[in-house]
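Have a look at the structure below before the remarks.
Atoms considered below: every heavy atom in the structure, side chains included; atoms not considered: hydrogens, waters and symmetry mates.
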Amino acid sequence: MKTLRLLIFLVLLSTIQTSTYAIQRFPKPEFESGYTQPQTLMPHGRAEILSYLDVAVLIIALTFISWVIIRKRSRNWVFWTSMFSLAYFGFYREGCVCAIGSIQNVSLALFDSSYVIPVTVIAFFILPLVYTLLFGRTFCAGVCPFGAMQDLVAFRPQKLGTRLNAILGIIPYLYLGLAILYAATGTDFIICRYDPFVGIFRLNASFGMFFFAGTLLVSGIFIARPYCRFLCPYGVLLNWFSRFSRQHMTITPAHCIQCRLCENSCPYDAIEIPLTEKNPENRKTRVKKLIIIIFLLPLLTFTGGWTASLLHTSLAGVHSKVKLARQVLHPVKDEKQAETFEIQAYKSSGKPEAQVYQEALVVLERFKTGSWWVGSFMGLVFGLLIAGKMLKKYDPDYVPNKGRCFSCAKCVDYCPVKPEKN
Amino acid sequence: MQDRRSFINLFVRGSFLTGLAFLSGALILRKKEGEFCGLDFGCNRCDKSESCNLPEASLYRETVWQLDPAKCIQCGRCATSCVMTPSAVKCTHVYAMCGYCDLCGGYLKPDTKNISTAAENQLCPTNAIKRKFVEEPFFEYEIDEALCIGCGKCVKGCSAFGNGSLQLQVRHNRCQNCNQCSIARVCPSDAYSRVPASKPYLLKGIEQDSTTAPKINLGEKGV
């Protein structure tokens with residue numbers, strides 16, 4: 001018996017070149033010693049019901065933090081709520097799925113009808129936006145574990161100045177545009193891939209990602225919340241929604257007395273310096289500015305779209321189907337490996353060559369349309385930022401910029417005004 | 001002036017809310033592409049699943065990552081690309097398919113000079129395959145999950161020379177179920193896909209009964 005098996009083995013060794021999957025070459029033995037065959041263990045993951053618990057915790061945390069910020073007005077309470085969120089959504093849930101990453105699931109679901117988006121992911125995307133529309137960016141203040149982690153290290157926040165803030169503030173728009181483009185085309189989830197803090201939550205990441213996280217946290221000592229301000233793509237949406245929020249955290253509980261005590265209290269440069277003069281410039285210059293803006297916006301939108309559409313082949317270069325088509329077209333010559341794994345898999349799948357090219361062309365076409373949209377969006381954003389710099393809003397009091405303010409309530413303690421008693 | 005501003009705010013707020021309502025409604029209620037019977041893995045794409053009586057149908061919303069061993073070419077990237085170290089992908093032994101061979105193609109290197117179980121003759125780089133004598137001439141092979149790094153060397157050997165009972169699988173007690181699997185991104189044969197959480201494993205030679213799946217598992221990590 002043993003020699004027979006050895007023979008079969010050697011024969012197979014010499015004949016079989018390509019791997020064939022799961023063929024019953026050797027019959028199942030009939031045991032005589034009463035041996036019982038062990039079970040193949042297939043342990044399950046986290047129970048689904050727990051992901052609904054996550055949504056419940058999210059709702060409770062959002063409601064609580066909004067109440068703390070709008071009614072209670074206490075930085076201490078905000079801090080401890082954010083610590084709870086850091087522990088639960090960060091270290092216990094290990095940062096997945098988060099509201100920031102859910103942008104990609106939503107975009108993929110909108111463009112690929114075969115992808116089924118879980119209801120819990122929809123909830124993680126929608127709920128913070130709804131709460132922001134009602135109470136401002138309370139999500140950033142006390143629910144997002146990323147914000148909580150960066151708030152912990154912000155020991156020596158420095159003022160960056162309006163210009164630097166504005167320039168760096170464009171990055172999140174670009175990040176959002178690219179994240180949607182790559183998710184919608186089914187290429188990659190770049191927000192998750194370059195998520196700096198998830199490695200800390202898991203205590204497991206590549207050296208590069210740990211380095212990125214370390215850089216962010218160290219720079220976060222001097223530049224408060226660098227990820228939130230200059231990278232977070234979800235922050236872009238929250239910024240828009242917060243501008244039109246029903247209620248918003250106020251620095252003063254009653255009336256601003258212009259004491260300027262809060263002026264330097266915001267670590268994120270989100271407090272607007274008051275513009276006391278109602279009409280600082282005459283009618284003629286304002287009309288001139290408006291005309292410039294009206295002409296500038298479409299021009300920038302078109303230029304942006306056109307520029308990005310020129311780059312669509314390089315943008316599509318990371319898509320697996322485009323990569324495969326390139327490799328089929330130009331096989332890599334390497335001494336170490338005769339052909340790449342992609343080519344091996346493609347050959348064993350028996351797919352015709354024309355189909356590979358066809359699929360890559362479809363992807364390229366989608367990227368062409370997508371890059372027009374992303375480019376136009378970037379042009380429009382750029383134009384609107386310039387417009388925002390040109391047109392000043394009259395406001396005599398010290399108020400937080402509703403778009404940029406994280407509602408962290410750090411400024412609240414600086415205000416000497418006591419609330420009015422009814 | 002103040003009235004006009006608050007009116008604009010109210011209007012924009014209303015349109016944002018309506019937009020969000022439409023978006024979530026569209027995402028939840030939209031028709032899914034393709035129709036499959038509930039007996040297939042495609043039940044998460046079936047628009048009849050609301051009225052379906054099968055146990056999978058009630059649980060089709062949450063998804064997990066699954067590796068299809070039929071597509072896998074054992075490139076070795078599962079070992080290196082997972083966000084976890086060691087990888088959450090491990091070799092899984094389907095005992096029902098195993099031939100219990102003495103000369104195991106998954107255990108021994110094919111080009112060994114003299115047949116012995118010395119370390120230099122073993123395929124597994126981490127010595128994760130435990131060989132146990134059962135009876136003449138059969139041997140049982142057991143994967144030590146704590147040692148296995150998911151490189152797939154034994155899987156390649158077993159499918160080339162044996163029955164193919166060693167198969168790579170995402171182990172769901174270890175998998176973080178990332179939003180986007182970092183192995184799926186680099187998999188050369190597109191073997192990864194999102195599947196309903198009620199049927200997480202796909203193994204040749206094993207029929208999976210989803211009704212035996214535990215309803216509550218507090219997600220303890222098997223370390």
Fill in: Winner by heavy-atom pair count (cut-off under 4.5 Å) against chain B, out of Q344(A), R246(A), K323(A), M209(A)
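Ranked by contacts with chain B, first place is R246(A).
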Below 4.5 Å from any heavy atom of chain B, which atoms of [X] appear? Answer side chain, backbone, both or neither.
X	answer
L133(A)	both
T340(A)	neither
L108(A)	side chain
Y346(A)	neither
S349(A)	neither

Out of curiosity, [X] [atom1] to [Y] [atom2], how far, rounded to the nearest 0.5 Å?
X	Y	atom1	atom2	result
N179(B)	I191(A)	CG	CD1	9.0 Å
R193(A)	R185(B)	CZ	CZ	3.5 Å
Q180(B)	Q104(A)	CD	CD	8.0 Å
L103(B)	F26(A)	CG	CZ	8.5 Å
F31(A)	E140(B)	CZ	CD	8.0 Å
L134(A)	L17(B)	CG	CG	6.5 Å

[X] and [Y]: which non-hydrogen atoms are nearest, and at how many Å?
X	Y	answer
F341(A)	R77(B)	CD1-NH2, 3.6 Å
T40(A)	V94(B)	OG1-CA, 3.4 Å
P188(B)	A345(A)	O-CB, 3.5 Å

Worksheet item: Relative to each other, are the rings of F16(B) and F241(A) parallel, tilted or perpendicular (30° and 60° limits)?
Response: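 Parallel.
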Heavy atoms from other residues, nucleotides or ligands near [atom1] of [X] exceed 12 (cutoff 6.0 Å):
X	atom1	value
F111(A)	CZ	no
K130(B)	NZ	yes
Q39(A)	CD	no
F133(B)	CZ	yes

Considering only heavy atoms and a distance below 4.5 Å, find which of [options] pairs most often with chain A.
options	answer
K71(B), E142(B), M84(B)	M84(B)
V64(B), L23(B), L10(B)	L23(B)
C75(B), G76(B), C72(B)	C75(B)

Between [X] (side chain only) and [Y] (backbone N and O only), is there a donor and an acceptor less than 3.5 Å apart?
X	Y	answer
Y201(B)	H44(A)	no
E135(B)	E32(A)	yes
N163(B)	R25(A)	yes

Minimum side-chain heavy-atom gap [X]-[Y] below 4.5 Å:
X	Y	answer
R171(B)	L41(A)	yes
R202(A)	C178(B)	yes
K402(A)	N9(B)	yes
N177(B)	R46(A)	no

Side chain, backbone, both or neither of [X] within contact of chain A (heavy atoms, under 4.5 Å):
X	value
T85(B)	both
A96(B)	both
V186(B)	backbone

Fill in: Set of residues satisfying salt bridge (charged side-chain N to carboxylate O under 4.0 Å, His left out) with respect to R243(A), sequence neighbours excluded
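With neighbours one apart ignored, the set is empty.
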